[in-house]
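Presented below is the structure to which this report refers.
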Amino acid sequence: MKFLCVPCDTPMKLQTVVPPDRGSLSVVYSCPACGYEMAMLTNAYETQVVQSLGVRIGPADAPAKGDGKCPFPGMIPAGDGTAEHRVGEPVPVRWTVAAQARLANIPEFVRPMAKTGIEKFARDRGALEVDETILDAAKDFFGM
Amino acid sequence: MKGYHDIVGDGGSRILEQVAEKQNRIADGLAAVRHLVAVGSGKGGVGKSTLTLHLAGALRERGLRIAILDADFNGPSQARMAGVQDAVFVPGQHRMALPRTVNGIAVFSMGSLVPESKALDFDSAAHGDSHTWRATKEFALLGEILASSEWGELDLLMFDLPPGADRTVQYADFLGPRTSFVLVTIPSEVSRGVVARSAAALLARRSPGDGGAKGPNRILGYVENMSGYFCRDCNAVKPLFPPSRNRFNEADSQPTLEIPCLGTVPFDPELARHCDRGMPFAALPDTPVRRALDHVTQNLLDSLS
């Protein structure tokens with residue numbers, strides 16, 4: 001979708017995107033020639049159709065908000081490793097910065113399950129930190 | 001006043017660019033894959049998934065590098081059948097490493113992520129109106145899996161498609177003309193009729209020169225699954241479906257599939273048991289069923305060469 005400032009005959013530029021509120025996105029465009037601003041307010045169908053494309057909505061330099069998250073959070077067991085350790089629960093496992101960075105190479109919806117599985121793999125080998133060596137060992141192990 | 005096509009870019013949202021970037025990432029990830037083969041039907045319950053896994057096993061036995069993408073997100077069965085239900089996806093240096101079967105077939109199946117007791121459901125702003133967006137979401141998910149998986153150098157990437165003649169064509173549209181199709185039927189008029197529709201729909205996709213969008217996909221042929229029943233007690237294949245009859249009770253010709261037949265595979269309860277337990281193709285005993293699968297595999301390879 002493109003927006004044109006009719007009096008100036010100038011393409012409008014995307015300014016801000018407000019994250020969905022009750023299924024509606026507020027997308028503000030402005031005319032670089034006259035400064036006129038307008039907001040496009042989507043209904044839930046429009047919001048969902050665009051989100052279903054799996055794209056990021058917003059200016060390229062804006063931080064991602066509300067997109068790219070797990071699309072089916074109710075079904076995949078969470079395991080972000082941030083919970084406090086309670087008696088009877090598995091010992092928390094740390095992730096090195098390099099290992100965390102590699103985690104970003106897999107789709108968001110796979111991460112909770114991957115993280116839980118890799119942490120268990122580490123614990124089973126007596127490691128309380130996931131580093132790249134553990135990741136490579138897990139890759140060899142699960143790749144059989 | 002300027003029209004849509006007079007304006008370069010979209011003012012900053014970069015939706016089309018992002019879609020194009022993902023398509024480039026998919027093409028990049030699949031660059032070292034020699035053949036993309038989708039196993040579809042149109043009809044459900046004809047054994048697409050079983051056949052996909054066993055063909056993959058037979059191809060693997062020939063020393064080929066094989067991966068399966070279980071594209072049936074709503075009814076994934078490859079995870080269980082391939083024995084990777086409890087496997088873990090591990091981040092590689094650039095993409096996601098896939099779990100492998102004991103005989104070395106890489107498998108992506110939603111069955112490794114979503115427990116069998118739960119249905120696949122997406123978080124959505126349009127609550128209760130999934131018919132308006134769900135197919136788009138599923139194809140975006142397929143794209144994400146294709147783009148982010150470590151396929152590496154493969155001889156074949158096989159897609160296990162969901163049922164539905166319309167879905168088969170949607171997958172052809174999405175995967176593009178590089179993907180060849182194998183259609184699976186069973187010897188019933190109903191099944192052959194549905195598969196004939198799928199074949200017709202695929203063949204109707206026109207080339208770009210004829211005004212079509214992306215060009216035609218090759219149909220390598222069809223496999224008639226459950227073509228008889230293998231009785232281990234008699235060591236013989238017996239009929240499973242009655243001969244086809246028309247309304248005058250005369251022997252009737254079944255709907256014609258005007259594509260090559262890659263072979264017929266008898267039904268074997270032992271094969272189903274193997275699948276439920278995630279046992280590899282190599283563990284199959286030498287029976288007429290295994291020989292039939294080998295025959296189909298050879299025909300599949302011949303059709304690709």
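Letters A, B, ... are given to chains in the order of the sequence lines, protein chains preceding strands, and every chain is numbered from 1.
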Kindly list each side-chain donor-acceptor pair under 3.5 angstrom involving residues 23-38 of chain A, sequence neighbours excluded, with atom names and distances?
{"residue": "A:Ser24", "atom": "OG", "partner": "A:Thr42", "partner atom": "O", "Å": "2.7"}
{"residue": "A:Ser30", "atom": "OG", "partner": "A:Gln15", "partner atom": "NE2", "Å": "2.9"}

> Any idea which of B:Glu17, B:Gln93, B:Glu138 has the most non-hydrogen atom pairs under 4.5 angstrom with chain A?
Replying inline: B:Gln93
> Got a sec, which pairs hit ring-ring contact (aromatic ring centres under 6.0 Å, His included) with one end in residues 62-115 of chain B, sequence neighbours left out?
Replying inline: B:Phe89-B:Phe108
> Do you know which of A:Pro11, A:Pro107, A:Ala99, A:Ala114 has the most heavy-atom pairs under 4.5 Å to chain B?
Replying inline: A:Pro107
>> Counting only heavy atoms from other residues, nucleotides and ligands, does the tally under 6.0 Å from CE of A:Met40 exceed 12?
In response: yes
> Between B:Ala140, B:Gly9, B:Ala97, B:Gly92, which has the largest tally of heavy atom pairs under 4.5 Å with chain A?
Replying inline: B:Gly92
> Quick one: CG on A:Leu53 to NZ on B:Lys137, what's the gap to the nearest 0.5 Å?
Replying inline: 9.0 Å
> Which of the residues A:Gly54, A:Ala101, A:Ala104 is involved in the greatest number of heavy-atom pairs with chain B at under 4.5 angstrom?
Replying inline: A:Gly54
> Which pair of heavy atoms, one from B:Val88 and one from A:Gly117, lies closest together, and at what distance?
Replying inline: CG2-CA, 3.7 Å
>> Counting only non-hydrogen atoms closer than 4.5 Å, does A:Glu46 touch chain B with its backbone (N, CA, C, O), its side chain (CB onward), both, or neither?
In response: neither
> Minimum heavy-atom separation for A:Leu14 to B:Ser13, with atom names?
Replying inline: CD1-CB, 3.5 Å
> Among B:Lys2, B:Met1, B:Arg95, which residue forms the greatest number of heavy-atom pairs with chain A at distances under 4.5 Å?
Replying inline: B:Lys2
>> So, taking the atom named CE in A:Met113 and the one named CG in B:Asp86, what distance separates them when rounded to the nearest 0.5 Å?
In response: 8.0 Å
> Can you list every pair that meets ring-ring contact (aromatic ring centres under 6.0 Å, His included) and has a residue in residues 4-24 of chain A, with sequence neighbours left out?
Replying inline: none
> When rounded to the nearest 0.5 angstrom, what distance separates NZ in A:Lys139 from CZ in B:Arg100?
Replying inline: 9.0 Å
>> Looking at every non-hydrogen atom in both residues, tell me the closest pair between A:Val50 and B:Ile15 and how far apart they are.
In response: CG1-CD1, 4.0 Å
> Hey, what do you get for CD (B:Glu150) to CD1 (A:Ile106), rounding to the nearest 0.5 Å?
Replying inline: 11.5 Å
>> Contact between B:Ile145 and A:Phe109 at the side-chain level, heavy atoms closer than 4.5 Å - yes or no?
In response: yes
> Taking only heavy atoms into account, what residues of residues 2-10 of chain A are found under 4.5 Å from chain B?
Replying inline: A:Lys2, A:Leu4, A:Val6, A:Asp9
